[in-house]
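Order of the sequence lines fixes the chain letters, A, B, ..., with proteins taken first and strands second; residue numbering starts at 1 for each chain.
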Amino acid sequence: MILPRSFYARDALVVARALIGARIVCGDRIARIVETEAYRGPKDLACHARFGETPRTKPIFGPPGTGYVFLVYGMHECFNVVCKAEGSGHAVLIRAAEAIDCDARLDGPGKLTRELAITRAHNGCILHAKDAEIKLLSRVGRPKIATSARVGVGYACEWADLPWRFFDSESYAVSRPPKSAIGR
DNA sequence: AGGTTGATCTAC
DNA sequence: TAGATCAACCTG
């Protein structure tokens, strides 16, 4: 079943955990999500919402269930889902997934969007719409969920160390081994 | 450890 | 406007 708008209307931490094991469908491709990260609005110094509403960050302040796709490092697109409430700036980054219909590893946010053919053209799309181009379907099974610090946000000082990354500890497709907390 | 490049920021 | 800087990554 397609995840309803109410699924997204919760804190990003809750949604990030709940999305492990959910399926993502884009065009004719389908994958099982195994890794996510929560970003919790303007006060979270790792979250894009900290810049306020700009042309780039506009969708993250939209209603829950909105897709937010942005470009990093000039070449990789990252796919996020907007959470909580309109204007809250909460979002969950989808970092990795297991392909279901083939054996591709979608083990990183840039590789995931490339394999699923998600681009900035999907920015601002409504994920719970019946005819959505990108759909998220409810979880199958009961994954074992572990947490760690978020990846690639070392600039965010104390916000960088919070255990706001969630992953299926039994999946082969998790993007990187949990690093010890002493990183910087 | 370093390449890579579009978007954003800063200084004319 | 042009040039510098930044960035939720990827590959070796």
Side-chain angles (χ1 to χ4, degrees), chain A residues 8 11-20 22 24 26 31 33-62 64 66-84 88-99 103-125 127 134 136 146-168 171-184:
Chain A
Y8 303 101
D11 190 287
L13 278 175
V14 176
V15 177
R17 177 179 287 274
L19 278 175
I20 301 298
I24 179 168
C26 185
I33 295 169
V34 298
E35 183 179 342
T36 61
E37 283 177 0
Y39 289 86
R40 301 181 74 210
K43 70 179 202 296
D44 174 2
L45 295 185
C47 182
H48 281 186
R50 72 189 184 277
F51 300 121
E53 190 167 329
T54 70
R56 187 195 198 202
T57 63
K58 184 169 170 50
I60 207 175
F61 292 102
T66 300
Y68 170 45
V69 183
F70 63 88
L71 190 69
V72 283
Y73 299 107
M75 58 183 112
H76 300 294
E77 336 239 6
C78 290
F79 174 64
N80 305 251
V81 303
V82 175
C83 300
K84 205 171 178 182
S88 69
H90 278 225
V92 171
L93 169 67
I94 311 300
R95 285 191 54 90
E98 300 167 351
D103 57 1
R105 290 164 56 112
L106 286 53
D107 53 346
K111 291 164 77 174
L112 181 141
T113 52
R114 192 179 72 215
E115 295 295 329
L116 294 177
I118 294 172
T119 72
R120 276 162 290 163
H122 299 286
N123 198 18
C125 65
L127 302 170
I134 303 172
L136 293 179
T147 66
S148 80
R150 293 175 291 183
V151 174
V153 296
Y155 56 81
C157 309
E158 68 267 27
W159 295 88
D161 298 329
L162 299 167
W164 289 359
R165 172 178 178 239
F166 299 85
F167 57 96
D168 178 343
S171 172
Y172 64 88
V174 169
S175 68
R176 35 202 327 175
K179 226 169 88 177
S180 106
I182 320 228
R184 190 156 324 180

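Among dA8(C), dT8(B), dC9(C), the nucleotide with an atom closest to any side-chain atom of Val151(A) is dC9(C). Taking the side chain of Arg120(A) as heavy atoms from C-beta on, and the options dA8(C), dA7(B), dT8(B), the nearest nucleotide is dA7(B). Considering only the side chain of Lys111(A), dC10(C) comes nearest among dA7(B), dC10(C), dC9(C).
If you take CE of Met75(A) and P of dA7(B), they are 13 Å apart, rounded to a whole angstrom.
Side-chain nitrogen and oxygen atoms of Tyr73(A) include none within less than 4.0 Å of the OP1 or OP2 phosphate oxygen of dA7(C). OP1 or OP2 of dA8(C) has at least one side-chain nitrogen or oxygen of Tyr155(A) nearer than 4.0 Å.
Take Asp107(A) and apply the side-chain hydrogen bond (donor to acceptor under 3.5 Å, both in side chains) test, not counting sequence neighbours, and it matches Arg105(A), Lys111(A).
Ser171(A) places no side-chain N or O within 3.5 Å of a backbone atom of Val34(A) that could act as its donor or acceptor partner. With hydrogens and angles ignored, the 3.5 Å screen pairs no side-chain donor or acceptor of Ser175(A) with any backbone N or O of Gly108(A). The backbone N or O of Ala12(A) sits less than 3.5 Å from a side-chain atom of His90(A), completing a donor-acceptor pair.
Using a 4.0 Å heavy-atom criterion, one finds that Leu71(A) contacts the sugar-phosphate atoms exclusively. Among the heavy atoms of the strands lying under 4.0 Å from Arg95(A) are primed sugar atoms or P, OP1, OP2 only; no base atom is included.
Partner Phe79(A) forms a side chain to side chain contact (heavy atoms under 4.5 Å, CB included) with one of Leu93(A), Ile118(A), Asn123(A), Val92(A) and no other, that one being Ile118(A).
Contact check of residues 33-52 of chain A against DNA chain C (heavy atom, cut-off under 4.0 Å) returns Tyr39(A), Ala46(A), His48(A).
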Read 5' to 3' with Watson-Crick or G-U pairs under 3.5 Å, [ ] for crossing pairs and | for partners on another strand, DNA chain C gives |||||||.|||.

